[in-house]
Amino acid sequence: MSRDTLTADRIVRAAIELLDDEGLDGLNMRSLAKRLGSAATAVYWHIKTKDDLVRLASDAIWHEVEPPDLDATDWRTAATTHATGMHTMLTRHPWLVQAFGSHLLHGPGQALHNDLSLAIYEKAGFAAADADQAAATVLTFVLGSALGPAAQVSLNRRLSKNGADAEQLMADAMTRATETAMQFPRLRERLGTTAATEYTAAPDNTFAFGLQSLLDGFEARLTAGGANRPE
């Protein structure tokens, strides 16, 4: 495929697929060009650096998050929908969590959702400065909640590439972690129940529980008048 038949959009879409399959460490122009059936020089003609490619790919997937209609719903429903949509997107593309800590990410897709977050918390009744903090708090929680699954994907990929039996290594590590946990009373109590297998994994509702707890706190601040309401 010549550089004339490539487009930046096709390159970015292929990069997202490669990142989903191989992670940040697996992204390079040679592998991407092979996936596109092109030469690496043709890719460079459209996108100059790997950093640019990661930035463009990360911004593109923000468009997968469906924005809630603020005119048709209350702020808590909008906040829940928006945070859940972000979390789902980050879980679908676990490399983005890592990219937040290693690349300068910006673009219209991300900016749209940053702006929407501020609008949600201003609608709740927060003044601008407190809306900033509320939006930042929720984004930090969403990123933190997605970090565990992202780390698991990265770990499994690394172990498998090294020729190791990833499942056996994880089982051995879990056995050692359980032996350590049994030295502590509260962990021992939980591991001694019939639900021990389920306890070793994060509960399915951890994200929903944490998010609603955050929103409960925001609502309590607003009700108590602890937030600076807009004039």
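Position 1 is the first residue of the sequence, and the numbers go up from there. None of the values given here were measured: they were computed from a predicted structure.
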Could you report the tightest heavy-atom contact between R55 and L104, atom names first, then the distance? CD-O, 3.9 Å

Would you please say whether a donor-acceptor pair under 3.5 Å links the side chains of Q110 and S58? no

Can you tell me if T81 uses its side chain to pair, donor with acceptor, with the backbone of A78 under 3.5 Å? no

Measuring from atom CG of L215 to atom CZ of R76, what distance do you get when rounded to the nearest 0.5 angstrom? 5.0 Å

Can you name the closest pair of heavy atoms from W95 and G23 and give their distance? CB-CA, 4.4 Å

Taking side chain as C-beta onward, heavy atoms only, is L27 less than 4.5 Å from K50? yes

Shortest non-hydrogen contact between G109 and D59, atoms and distance: N-OD2, 2.9 Å

Answer yes if L112 and Y121 sit in the same cluster of Ile, Leu, Val, Met, Phe, Trp and Tyr residues linked by side chain heavy atoms under 4.5 Å apart, and no otherwise. no

Whether R221 and D216 form a salt bridge (side-chain N of Lys/Arg under 4.0 Å from carboxylate O of Asp/Glu) is what I want to check. no

Indicate yes or no for a side-chain donor-acceptor contact from N28 to the backbone of S31 under 3.5 Å, with no hydrogens or angles considered. yes

Pairwise side-chain contact, E122 with W75, heavy-atom cut-off 4.5 Å (strictly under): no

N/O donor-acceptor pair under 3.5 Å between D52 side chain and I47 backbone: no

Looking at CG of L56 and CZ of R13, how far apart are the two atoms once the value is rounded to the nearest 0.5 Å? 11.0 Å

Compare all side-chain heavy atoms of E64 with those of H93 and state whether any distance is below 4.5 angstrom. yes

So do the side chains of D51 and H103 get within less than 4.5 Å of each other, counting heavy atoms only? yes

With the side chain counted from C-beta on, respond yes when H82 and P67 share a heavy-atom pair under 4.5 Å apart, and no when they do not. no

As an exercise, state the distance from CH2 of W62 to CG of N114, rounded to the nearest 0.5 Å. 6.5 Å

Would you compute the distance between atom CG of L36 and atom CZ of R10 and round it to the nearest 0.5 angstrom? 6.5 Å

Any ion pair linking K123 and D71 (charged N to carboxylate O, less than 4.0 Å)? no

Calculate, to the nearest 0.5 Å, the distance between atoms CE and NE2 belonging to M86 and H113 respectively. 8.5 Å

Donor-acceptor contacts, no H, no angles, side chain residues 135-150, under 3.5 Å, sequence neighbours left out:
| from | atom 1 | to | atom 2 | distance (Å) |
| --- | --- | --- | --- | --- |
| T137 | OG1 | Q133 | O | 2.7 |
| T140 | OG1 | A136 | O | 2.8 |
| S145 | OG | F141 | O | 2.9 |

Determine the interplanar angle of the F207 and H87 rings, folded into 0 to 90°, and report it as parallel if under 30°, tilted if 30 to 60°, perpendicular if over 60°. parallel

Quick one: does any side-chain atom of T180 pair with a main-chain N or O of R176 as donor and acceptor, under 3.5 Å? yes

Tell me if a side-chain donor or acceptor on T77 pairs with a main-chain N or O of T73 at a distance below 3.5 Å. no

Mind checking whether L32 and L53 have side chains closer than 4.5 Å, heavy atoms only? yes

Report whether L214 and F126 are members of the same hydrophobic cluster (ILVMFWY, side-chain heavy atoms less than 4.5 Å apart, transitive linking). yes

Side-chain contact, heavy-atom cut-off 4.5 Å: V54 with S102? no

Side chain to side chain contact (heavy atoms under 4.5 Å, CB included) evaluation trace for Y44 with T49: CA-CA 7 Å; Y44 280 116; T49 69; over 6 Å; no

Would a 4.5 Å heavy-atom cut-off, applied to side chains only, mark I61 and M89 as touching? yes

Here the gap from L96 atom CG to I16 atom CD1, rounded to the nearest 0.5 Å, amounts to 10.0 Å

Residues in side chain to side chain contact (heavy atoms under 4.5 Å, CB included) with Q98, at least two apart? L24, D25

